[in-house]
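Note that ligands are numbered from 1 as they come in the structure, with each ligand's atoms numbered from 1 the same way. Along the sequence shown, residues are numbered consecutively beginning with 1.
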Amino acid sequence: MIFRMIYNVCLPLYVFFVVLSSSVLGKAIYVPLLSGLGILLVLSIFIDQHQPDRVVLFTLLQLILLFAFHLVSRLDWCFLLYILLLYRVLLQVRSVSRSVILSCVFISVYTVARFTYTNPSIEHILITGSDYLAGISLALFIQHILTSEKTMNLTKERRNREEFEFEAEKNRVLGELAAGMVHEIRNPLTSIRGFLQLSKANGYSIEPWYDLIYAEVSRLNELTIEYLQISKPSEVPAKRQNLHDSLIRVVALTEAEAQKMGHRIVYEEFDPELTVPVSQEKLIQVFMNLIKNAMEAMPEQGTITIQMTQVADMAVVIVKDTGTGVQSTDRQRIFSPYYTTKNNGTGLGLYICHKIIVDHGGTMSVSGKQGEGATFTTRIPLFIDKG
Ligand SMILES: Nc1ncnc2c1ncn2[C@@H]1O[C@H](COP(=O)(O)OP(=O)(O)OP(=O)(O)O)[C@@H](O)[C@H]1O
Ligand SMILES: [Mg+2]
């Protein structure tokens, strides 16, 4: 808006002012010629605004017209017109050296025109020096503004990109959490279904499993609460939890399903004293996933062996099966999200287990030759009483 006002209003007025002053002062060589050149100059600037791809041509034309206008007007006041034209050109240039050269060209044209009606004297030579310095300063000043503007745009762009990436990451985590929740809810539901199927098939009363079923329903509830707290960062509870108690519960919860599939679960070695700073829900989540995977990896009747010991300041839990085993090339991949070889698998089970253990400062790895069963080794730092 202001830019347009300068070139559509101020500049034509200034041209008119120069024509008037030059005529009044009797400096103009030929007033009608001066007026004609002034009109052509203003017109070329008007037309130029609608021809953005012919900048060089119009700049050259305007400089020639201005030079002629200056020659005929014989007034130093034309300097402002050179500066206004130069300013427009400099806005298009993105190089300090090129803009300095352009300024010198404009000032040189002005100086040549000026010396056609002034006698070279020390004063005029000094004025010429000051004109060059003014032109160069203008060029540098405009470059400074353009560079700052560019930096500001880049910063704004980076901020927008960061915001976009943050949103994308948030959506990814939300999607992962939702998928994780569905995955984890399936496990307690499978256990409850196992109890019900067993009792229906054999006519058992489910009364002895009331507590287990109740505990599983509570776990479902806790899982949903936990996943609803998605906006909170995952905090590691420092509460002491007996590992043996949790493993006994895992065995009790998976036994019915194992029995149905013809498998055996043997919890053969343990240390009842070991405690770890991991909540029982999380421990159950981890080991249920490992046992469920083991059951699914054994096409024939098989055995799942669980051992728990202490090695240095770590509790070590080994879950071994007699199933298909894991290929050496897949040993790292199986802990990645969405890696699955099952038709209805999500590939999130081991990813979640691994993440829980790593979040608590532990490790999880798999070993065993393919075809000879898999052995999952989980190491969890023991609970240290800081009180
Ligand atoms: N005990 C095991 N023996 C052999 N392969 C296994 C064992 N446990 C896991 N795997 C391999 O690792 C893959 C990933 O396991 P993960 O528990 O993450 O997902 P999934 O079991 O395929 O799906 P979901 O857990 O949703 O049922 C499995 O598809 C399987 O190929
Ligand atoms: Mg699984």
The atoms of ligand 1 lying under 4.0 Å from a heavy atom of Ile334, numbered in the order shown, are 11 (C), 12 (O)
Ligand 1 N/O within reach of [X] N/O, cut-off under 3.5 Å:
X	result
Asn293	yes
Lys342	yes
Ala374	no
Val326	no

In terms of residue, atom name and distance, what is the protein heavy atom nearest to [atom]?
atom	result
atom 1 (N) of ligand 1	Asp321 OD2, 2.9 Å
atom 29 (O) of ligand 1	Thr341 N, 2.8 Å
atom 24 (P) of ligand 1	His183 NE2, 3.3 Å

Does any pair with a residue in residues 270-302 pass ring pair (Phe, Tyr, Trp, His ring centres under 6.0 Å), and if so which ones, sequence neighbours excluded? His244-Phe270, Tyr267-Phe270
Is it the side chain, the backbone, both or neither of Phe335 that has a heavy atom closer than 4.0 Å to ligand 1? neither
Which bit of Leu290 is near ligand 1, meaning a heavy atom under 4.0 Å away: side chain, backbone, both or neither? neither
With Thr324 via side chain to side chain contact (heavy atoms under 4.5 Å, CB included) - residues at least two apart: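 Expected list: Ala297, Pro299.
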Min heavy-atom dist Gly323 to ligand 1 below 4.0 Å: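 No, that is not the case, since the closest heavy atom of the residue is not under 4.0 Å from the ligand.
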Taking a cutoff of less than 4.0 Å between a non-hydrogen atom of the residue and any ligand atom, is Asn289 in contact with ligand 1?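 Checking ligand 1 against Asn289, which is what was asked, there is no heavy-atom contact under 4.0 Å.
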Check whether any side-chain heavy atom of Ile127 sits under 4.5 Å from a side-chain heavy atom of His124, and report yes or no.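 Contact flag for Ile127/His124 side chains = yes.
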Tally of protein N, O or S atoms, where distance to the Mg ion (ligand 2) is under 2.8 Å: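 For the Mg ion (ligand 2), the figure is 1.
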So, Glu162 and Arg158, do they make that salt bridge, N to O below 4.0 Å? yes
With a cut-off of 3.5 Å and sequence neighbours excluded, list every side-chain donor-acceptor pair involving residues 59-72.
residue: Thr59; atom: OG1; partner: Val55; partner atom: O; Å: 2.6
residue: Gln62; atom: NE2; partner: Ser44; partner atom: O; Å: 3.3
residue: Gln62; atom: NE2; partner: Asp48; partner atom: OD2; Å: 3.1
residue: His70; atom: ND1; partner: Tyr82; partner atom: OH; Å: 3.1
residue: His70; atom: NE2; partner: Leu75; partner atom: O; Å: 3.3
residue: His70; atom: NE2; partner: Tyr117; partner atom: OH; Å: 2.8

